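Okay, structure first, notes after.
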Amino acid sequence: MATITPTRPARPAHQEAARNGRTRRRIADNVNAYVFLAAGLLCFGLFSWWPLIKGVILAFQQDNFVTEPEWVGLANFQAVLDDPLFWTAWKNTLEFTALALVFGYLVPFGVAIVLHELRHLKGFFRFAVYLPVMLPPIVTVILWQYFYDPGNGLFNAVLSALHLPESGWTQSPRMVMVSLVLVSTWANMGGATIMYLAGLASIPGELYEAAELDGAGVWKRIRHVTLPQMRFLMLVLLLLQIVATMQVFIEPYQLTGTTNPDSITVMVLIYRYAFTVNNDFGMAAAMSVLLFVVLGAFSAVYLRLTRKS
């Protein structure tokens with residue numbers, strides 16, 4: 001017995017035309033969007049992605065940008081790992097990052113809370129806190145270089161006036177990292193403080209009023225209202241803080257130079273490979289790739305652990 005296959009009723013001509021018209025408009029909109037984005041995508045690819053790819057390729061070459069590059073495979077990575085300064089630079093970088101979390105992460109949050117609670121001159125104090133961010137980083141470091149000067153520096157002059165022992169600051173192995181962190185914190189805390197202020201302003205006032213009615217003091221309001229409401233922002237800024245401080249360069253380079261083993265960081269060591277000691281951009285690129293891998297792995301693990309927060 002023959003089976004009859006049901007046929008789909010033909011779509012009316014006007015519906016088919018309308019459908020085709022919507023498809024053509026969608027394609028035209030996408031084409032127009034990519035045309036407007038083309039310049040931005042070209043600049044992004046040319047100045048962001050291509051240097052990244054070129055840096056990875058360079059890590060496997062011996063190149064001083066004068067003679068023809070020579071492919072050396074993993075030799076650059078082996079040379080970097082065999083360098084006695086490799087582990088010293090990582091130790092100093094991790095020490096700087098840890099100290100920066102104490103000063104550069106917690107201090108802006110405390111400053112933001114104080115500024116948020118002010119009733120007068122809010123604009124002035126917010127401008128004063130953010131002002132160092134607007135200064136060029138090298139200007140900030142040179143200013144602090146004068147403060148730290150062991151001869152005529154401001155800090156030692158204050159200590160002397162108070163009849164306290166003077167400090168070597170950046171010349172002292174015990175104080176050099178603290179000195180670098182103070183410069184970095186003063187220069188960059190304004191941005192984090194403004195972000196915290198924006199987060200504090202978004203917290204509903206009813207939560208604080210309810211906490212006050214329950215008899216909560218200042219510290220309890222911070223603990224049970226402010227911190228939970230600011231949790232996501234604090235987690236994001238913590239990641240950005242760690243990634244940024246692991247790439248510290250200007251402060252140790254300008255204040256202590258590239259030869260001080262007590263303050264040499266990963267970025268300073270990369271600079272040494274490329275411009276001072278080795279003049280080998282392949283070794284510098286290899287060290288940069290290692291730093292990229294470490295920061296990428298840390299970011300992935302951090303985001304995985306805090307995904308549900």
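Note that the coordinates shown come from a computational prediction; the quantities given were computed from them, not determined experimentally.
Between Phe275 and Phe281, the ring center distance clears the sub-6.0 Å criterion. For Trp186 and Phe103, the gap between ring centers reaches or exceeds 6.0 Å.
Under a hydrophobic clustering in which Ile, Leu, Val, Met, Phe, Trp and Tyr are joined whenever their side-chain heavy atoms come within less than 4.5 Å, directly or via other members, Ile53 and Leu41 fall into different clusters. Val266 and Leu52 fall into different hydrophobic clusters, defined by Ile, Leu, Val, Met, Phe, Trp and Tyr side-chain heavy atoms under 4.5 Å apart, directly or through other members. The hydrophobic cluster containing Val72 does not contain Met283, counting ILVMFWY residues as joined when their side-chain heavy atoms lie under 4.5 angstrom apart, directly or transitively. In this structure, Phe249 is a member of the same hydrophobic cluster as Leu182, with clusters built from ILVMFWY side-chain heavy atoms closer than 4.5 Å. Hydrophobic cluster membership differs between Leu106 and Val114, with clusters built from Ile, Leu, Val, Met, Phe, Trp and Tyr side chains linked at under 4.5 angstrom.
With contacts defined as side-chain heavy-atom distances shorter than 4.5 Å, the pair Glu166/Pro150 does not qualify. When side chains are defined from C-beta on, Thr193 does not count as touching Phe109, because their heavy atoms never get closer than 4.5 Å. Counting heavy atoms from C-beta outward, Met230 and Leu227 have side chains that stay 4.5 Å or more apart. Side-chain atoms of Asp280 and Gln62, non-hydrogen and from C-beta on, do get closer than 4.5 Å to each other. Between Leu291 and Trp90, some side-chain heavy-atom pair lies under the 4.5 Å cut-off. At a threshold of 4.5 Å between non-hydrogen side-chain atoms, the residues Glu70 and Gln61 do not count as touching. Residues Tyr196 and Leu237 meet the side-chain proximity criterion, which asks for heavy atoms closer than 4.5 Å. In this structure, Met134 and Phe127 have side chains that are in contact, with non-hydrogen atoms separated by less than 4.5 Å.
Across Tyr105 and Leu101, no two heavy atoms sit closer than the pair CB-O, 3.1 Å. The nearest pair of heavy atoms linking Thr140 to Ala187 is CG2-CB, 3.7 Å. The two atoms that bring Gly257 and Val268 nearest to each other are O-CG1, 4.3 Å, heavy atoms only. Across all their heavy atoms, Trp87 and Leu81 have their closest contact at NE1-O, 4.3 Å. Shown here for Leu233 and Met195, the closest heavy-atom pair between the two residues is CD2-O, 3.3 Å. Residues Val80 and Met287 share a closest heavy-atom pair of CG1-SD, 3.4 Å.
Listed for the Asn92 side chain is a donor-acceptor partner under 3.5 Å among the backbone atoms of Pro261. Between the Ser184 side chain and the Leu180 main chain, no donor and acceptor come within less than 3.5 Å of each other. A donor-acceptor contact shorter than 3.5 Å links the side chain of Thr276 to the backbone of Arg272. The main-chain N or O of Ala286 is never found under 3.5 Å from a side-chain atom of Asn76 such that the two would form a donor-acceptor pair. The main-chain N or O of Gly199 is found under 3.5 Å from a side-chain atom of Ser202 such that the two form a donor-acceptor pair. Side chain of Gln241 to backbone of Ala100: a donor-acceptor contact under 3.5 angstrom is found.
Summarising the geometry, atom CZ belonging to Phe292 is positioned 9.5 Å from atom OG belonging to Ser299; distances are rounded to the nearest 0.5 Å. Interatomic distance, Tyr148 OH to Leu154 CG, rounded to the nearest 0.5 Å: 11.0 Å. Atom CZ in Phe147 sits 13.0 Å away from atom OG in Ser179 (nearest 0.5 Å). The line from OG1 of Thr88 to CG of Asn260 is 11.0 Å long, rounded to the nearest 0.5 Å. The CG atom of Leu239 sits 14.0 Å away from the CE atom of Met234 when rounded to the nearest 0.5 Å. Taking CD of Gln247 as the start and CG of Leu295 as the end, the distance is 5.5 Å to the nearest 0.5 Å.
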Check the pair Ile264 / Leu85 against side chain to side chain contact (heavy atoms under 4.5 Å, CB included), numbers first and verdict last. CA-CA 8 Å; Ile264 189 171; Leu85 287 176; 4.1 Å; yes
Please report the C-alpha distance between Phe36 and Val31 in whole Å, then the side-chain angles of each, then the deciding distance to 0.1 Å, and finally whether the side chain to side chain contact (heavy atoms under 4.5 Å, CB included) criterion is met. CA-CA 9 Å; Phe36 282 107; Val31 170; over 6 Å; no
Pair Leu94-Met246, side chain to side chain contact (heavy atoms under 4.5 Å, CB included): steps then yes or no: CA-CA 7 Å; Leu94 292 175; Met246 287 287 287; 3.9 Å; yes
With side chain to side chain contact (heavy atoms under 4.5 Å, CB included) as the criterion, how do Leu207 and Ile203 come out once you've worked through the C-alpha distance, each side chain's angles and the decisive distance to 0.1 Å? CA-CA 8 Å; Leu207 297 178; Ile203 299 177; 4.2 Å; yes
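If you run side-chain contact (heavy atoms from CB on, under 4.5 Å) between Leu238 and each of Val236, Leu240, Ile242, only Ile242 comes through.
Between Thr226 and Tyr208, the side chains place a donor N or O and an acceptor N or O closer than 3.5 Å (distance only, hydrogens not considered). For Asn64 and Thr67, the side-chain atoms include at least one donor-acceptor pair closer than 3.5 Å. Between the side chains of Gln254 and Gln145, at least one donor N or O sits under 3.5 Å from an acceptor N or O. Donor-acceptor pairing under 3.5 Å is recorded for the side chains of Tyr273 and Asp83. For the 3.5 Å distance criterion, the side chains of Asn156 and Trp169 qualify, holding a donor opposite an acceptor. Residues Gln78 and Asp82 bring a donor and an acceptor atom of their side chains to less than 3.5 Å of each other.
Heavy atoms from other residues, nucleotides or ligands lying under 6.0 Å from NZ of Lys122 number more than 12. The number of heavy-atom neighbours closer than 6.0 Å to OH of Tyr253, taken from other residues, nucleotides and ligands shown, is 12 or below.
Ring pair Phe44/Trp49 is perpendicular by interplanar angle, where above 60° counts as perpendicular and below 30° as parallel.
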